Amino acid sequence: MVPLAIAFLVTALLYASVGFGGGSTYTALLALAEVDYRVLPLLSLACNLVVVAGSTVRFARARVTPWGRALLLTAIAAPAAFLGGLTPIAEQGFVALLGTSLLFTALTMMLPVAKRPEGEGERGRVARYAPLAALPLGYISGLVGIGGGIFLAPLLHLVRWDSARAIAATASLFILVNSLFGLAGQVLKGGEGRFAAAVDLGLPLLIAVAIGGQIGSLLALRYLPQRWIRWGTGALTAFVGGRLLLNL
């Protein structure tokens, strides 16, 4: 448990600095540790909540969150995340979906993302259609416990939805709300027994990500290139996703 907690702390530190919760990497680490697949989304979503809560507050205080458009995305995704959490799924189907999601997560992290400079240029013409992606991203986040922000941010960059800081702030809020609604659905689906099992296993991990998330939010990761972080975590999630799919 100690090595896993340390890995969660480092993951939270890295992700919190860029507005993400780290759900994809938590999921990968838990899969490597062979945690019961029914408990895994509960732990990942709870860790997401702890980490992005601090990031969301930090972005809000800096007044970079585009509240109107960000709330529209989250309002569309939140009910879908709740339904995803409620959806029963067999282990084989869960592992297949998780493995595929991890591979796509790795792809979005390892590919270069062109960022729009602060205050430059107009929004892309297709940016208005970005809310259409919120529905499936919300559902997946609730079902497998990834969060959805790691998919949303590259998409928003691609369509030139807003500045890099505004997109990071939006992704943070998106993950926070999706994780909350997805976790609620997972708790209702699993009942008290599964929730108790998640609490017993997850308390040290929650403490670890709380510490790591606060450090990451304060330091904003100025001493380690974000490209290294993306490639490293992308390689991990790709390895775990591929191994899960090969073992089906």
Side-chain angles (χ1 to χ4, degrees), residues 15 18-24 26-27 41-42 44-60 62-89 93-94 97-98 100-102 104-105 107-109 113 115-116 122-189:
Y15 276 87
V18 291
F20 293 150
S24 58
Y26 303 139
T27 302
L42 290 167
S44 294
L45 291 171
C47 289
N48 268 349
L49 278 173
V50 172
V51 175
V52 296
S55 300
T56 302
V57 171
R58 174 166 60 88
F59 284 123
R63 298 183 179 181
V64 298
T65 306
W67 286 107
R69 289 181 294 145
L71 288 174
L72 174 61
L73 289 173
T74 56
I76 294 172
F82 181 73
L83 291 176
L86 280 175
T87 302
I89 185 170
F94 176 85
L97 181 58
L98 175 58
T100 303
S101 299
L102 289 174
F104 274 106
T105 299
L107 180 63
T108 60
M109 297 184 72
V113 177
K115 294 182 179 181
R116 172 186 168 193
E122 299 294 332
R123 286 198 294 149
R125 293 183 178 180
V126 297
R128 69 185 69 180
Y129 301 111
L132 296 177
L135 195 66
L137 291 181
Y139 185 79
I140 292 173
S141 70
L143 185 61
V144 300
I146 284 182
I150 200 70
F151 295 131
L152 179 69
L155 173 64
L156 297 183
H157 283 299
L158 181 65
V159 301
R160 290 185 291 136
W161 188 78
D162 209 317
S163 68
R165 294 186 70 199
I167 289 174
T170 300
S172 182
L173 179 65
F174 188 82
I175 295 168
L176 177 68
V177 176
N178 277 347
S179 297
L180 180 62
F181 277 77
L183 183 61
Q186 290 284 345
V187 170
L188 288 176
K189 179 176 67 177

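In this text, all values refer to a predicted model and were calculated from it rather than measured experimentally. Note that these values count all heavy atoms, side chains included, but never hydrogens, waters or copies made by symmetry.
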Go through the steps for F181 and V177 under the test side-chain contact (heavy atoms from CB on, under 4.5 Å), then give the verdict. CA-CA 6 Å; F181 277 77; V177 176; 3.8 Å; yes

Derivation and outcome, side-chain contact (heavy atoms from CB on, under 4.5 Å), residues V159 and Y129: CA-CA 9 Å; V159 301; Y129 301 111; over 6 Å; no

Evaluate side-chain contact (heavy atoms from CB on, under 4.5 Å) for V52 paired with S179, printing each intermediate quantity in order. CA-CA 10 Å; V52 296; S179 297; 5.5 Å; no

Could you walk me through whether L49 and L180 pass the side-chain contact (heavy atoms from CB on, under 4.5 Å) check? CA-CA 7 Å; L49 278 173; L180 180 62; 3.9 Å; yes

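Of all heavy-atom pairs spanning P154 and G149, the tightest one is CD-O, 4.4 Å. The two residues T27 and S44 make their nearest non-hydrogen contact at OG1-OG, 3.1 Å. The nearest pair of heavy atoms linking P131 to I76 is CB-CD1, 3.6 Å. Counting all heavy atoms, side chain and backbone alike, S55 lies closest to S172 at CB-OG, 3.4 Å. Residues A81 and S141 approach most closely at CB-OG, 3.8 Å, considering heavy atoms. In this structure, L73 and F174 approach most closely via the heavy-atom pair O-CE1, 3.9 Å.
With rounding to the nearest 0.5 angstrom, the CG atom of L45 is 10.0 Å from the CG atom of L143. Atom CZ of F82 is separated from atom CG of L183 by 11.0 Å, given to the nearest 0.5 angstrom. In this structure, CD1 on I146 lies 11.5 Å from CZ on F104, to the nearest 0.5 angstrom. A distance of 10.0 Å separates CG of L158 from CD1 of I167, quoted to the nearest 0.5 Å. L102 contributes atom CG, which lies 9.5 Å from atom CG of L97 (distance to the nearest 0.5 angstrom).
Looking at heavy atoms from C-beta onward, Y26 lies in side-chain contact with N48 at the 4.5 angstrom threshold. The shortest side-chain heavy-atom distance between P41 and V144 does not fall under the 4.5 Å cut-off. Residues L42 and V187 are in side-chain contact: their nearest non-hydrogen atoms beyond the backbone lie under 4.5 Å apart. Looking at L71 and L173, their side chains come closer than 4.5 Å, going by heavy atoms from C-beta outward.
Partner of R69 under the side-chain hydrogen bond (donor to acceptor under 3.5 Å, both in side chains) criterion, out of D162, T74, T170: D162 alone.
A donor-acceptor contact shorter than 3.5 Å links the side chain of K189 to the backbone of T87.
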